Number of protein chains: 2
Amino acid sequence: MKDKVMSIGIVCDLTGLTERQIRYYEEKQLVFPVRTKGGARKFSFEDVERLKEINEKLRDGFHTFDLKKSGRLCCK
Amino acid sequence: MKDKVMSIGIVCDLTGLTERQIRYYEEKQLVFPVRTKGGARKFSFEDVERLKEINEKLRDGFHTFDLKKSGRLCCK
DNA sequence: CGTGTAAGGAATTCTGACACG
DNA sequence: CGTGTAAGGAATTCTGACACG
C-alpha cells in the first residue's frame, strides 16, 4: 500500500480532487510523491487516503500550515 | 490489490518486462487491464504478479495458448 | 489562502507495421 | 511465436503565472 505507483490522473479519480489541489498539497509539504525520470508524480494508496483527509480538514476550516504542524492528520 | 491503477510504465518497472511484452500478453488474452478515456491501460498489483508468472512460464517453454487454456497459471 | 485556468513544453502511451525466424 | 524497433499521433503531466480575494 506504500508503493508509489499511481500518476496524478488516477489519484484525481480516487480522491475526487483536482490536479491543482493535489499539487498544492504537495507544495505545502503535506504529501510526498516520488518522481519518475520524466518528472511525473507517483502516489501510493496511503497517499490517496491522506489526500482525502487533508481535503476534509481544509473543508472543516483548518489551514495547510495547521495540518503540517500536527504531522498526523488523524488523532487515532 | 485488484484496483487497476497503474499505467504500463510502472508495470514495466515492477515486472522487468517491456511494454511490448505486456501488450502482447494482453493481446493473447492473458491479462485484462482496463482503459482510461484516453485509451491508456491501467493494471492492478494482481496483474503485475500474473505478468511475472506468465513470463516465467514462457521462459520455461510454455506458449501463450497453453497458458490461456489452463486459465490459472499457478497450480496452488 | 486555496483553487481555477490558459500556455507551451516534455514525457508517456497508443496502434499498426516490418523484422527475425 | 514472442519480441524489438522506428513512426506518427493522441493523451497525460509539468511548471510558472495571472486571477480572485
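Chain letters run A, B, ... following the sequence lines, proteins first and then strands; every chain starts at 1. Predicted model only: the values in this text are computed from it and were never measured.
- With a 4.5 Å cut-off on side-chain heavy atoms, A/Arg23 and A/Ile8 count as touching.
- Checked against D/dG2, C/dG4, D/dG4, the side chain of A/Gln21 finds its nearest nucleotide in C/dG4.
- One interatomic measurement links the two molecules: NZ of A/Lys37 to C1' of D/dC14, which rounds to 16 Å at whole-angstrom precision.
- Distance CD (A/Glu19) to C1' (C/dG2): 16 Å, rounded to an integer number of Å.
- Whole-Å rounding puts the A/Glu26 CD to C/dG2 P distance at 15 Å.
- For A/Asn55 and C/dG2, the shortest distance from a side-chain N or O to OP1 or OP2 is not below 4.0 Å.
- Within the 4.5 Å cutoff, the side chain of A/Val5 has heavy atoms near those of the B/Phe45 side chain.
- Atom CZ of A/Phe62 has 12 or fewer heavy atoms from other residues, nucleotides or ligands within 6.0 Å.
- At the phosphate of C/dG2, neither OP1 nor OP2 sits under 4.0 Å from any side-chain N or O atom of A/Tyr25.
- Between B/Gly38 and B/Lys28, the residue anchored closer to the 5' end of DNA chain D is B/Lys28, taking for each the nucleotide with the nearest heavy atom.
- With D/dT3, C/dG2, C/dT5 as the candidates, the nucleotide lying closest to the side chain of A/Arg20 is C/dT5.
- Using a 4.0 Å cutoff on non-hydrogen atoms, the parts of residues 2-11 of chain A near DNA chain D are A/Ser7, A/Ile8, A/Gly9, ordered by number.
- Across the protein-nucleic acid pair, B/Leu17 atom CG and D/dT3 atom P stand 8 Å apart, rounded to whole Å.
- Put simply, CG on B/Asp13 is 14 Å from C1' on C/dA11, counting in whole angstrom units.
- Checked by distance alone, B/Arg41 brings no side-chain donor or acceptor within 3.5 Å of a matching partner on the base of C/dT13.
- Contact of the B/Tyr25 side chain with the B/Leu58 side chain is registered, since non-hydrogen atoms from C-beta on lie closer than 4.5 Å.
- A donor-acceptor pair is defined here as one N or O able to donate and one able to accept, closer than 3.5 Å; no such pair exists between the side chain of B/Asn55 and the backbone of B/Lys52.
- Between the side chain of A/Glu49 and the backbone N or O of A/Glu46, no donor-acceptor pair lies under 3.5 Å.
- Atom CZ in B/Phe43 sits about 10 Å away from atom P in C/dT13, given to the nearest Å.
- The pair A/Glu26-A/Arg35 meets the salt-bridge criterion, with a side-chain N (NZ, NE, NH1 or NH2) lying under 4.0 Å from an Asp/Glu carboxylate O.
- Remark: DNA chain C forms stems of 3 or more consecutive Watson-Crick or G-U wobble pairs, all pair distances under 3.5 Å, at C:2-5 with D:17-20, C:17-20 with D:2-5.
- Following rounding to the nearest Å, B/Tyr24 (OH) and D/dT5 (C1') show an atom-to-atom distance of 17 Å.
- A close approach under 4.0 Å does occur between a side-chain nitrogen or oxygen of B/Arg35 and OP1 or OP2 of C/dT15.
- For the pair B/Ile22 CD1 and C/dT15 P, the computed distance is 13 Å after rounding to whole Å.
- Residues B/Leu14 and B/Met6 meet the side-chain proximity criterion, which asks for heavy atoms closer than 4.5 Å.
- Residue pairs meeting the side-chain hydrogen bond (donor to acceptor under 3.5 Å, both in side chains) criterion with at least one partner in residues 1-10 of chain A, sequence neighbours excluded, are A/Lys4-A/Asp47.
- Not a single donor-acceptor pair under 3.5 Å links the side chain of B/Arg41 to the backbone N or O of B/Ile22.
- A donor and an acceptor atom never sit less than 3.5 Å apart when one is taken from the side chain of A/Arg23 and the other from the base of D/dT15.
- B/Thr36 has no side-chain polar atom (N or O) that falls below the 4.0 Å cut-off from OP1 or OP2 of D/dA11.
- In terms of position along DNA chain D, the nucleotide closest to B/His63 lies nearer the 5' end than the nucleotide closest to the other residue of the pair A/Ala40 and B/His63.
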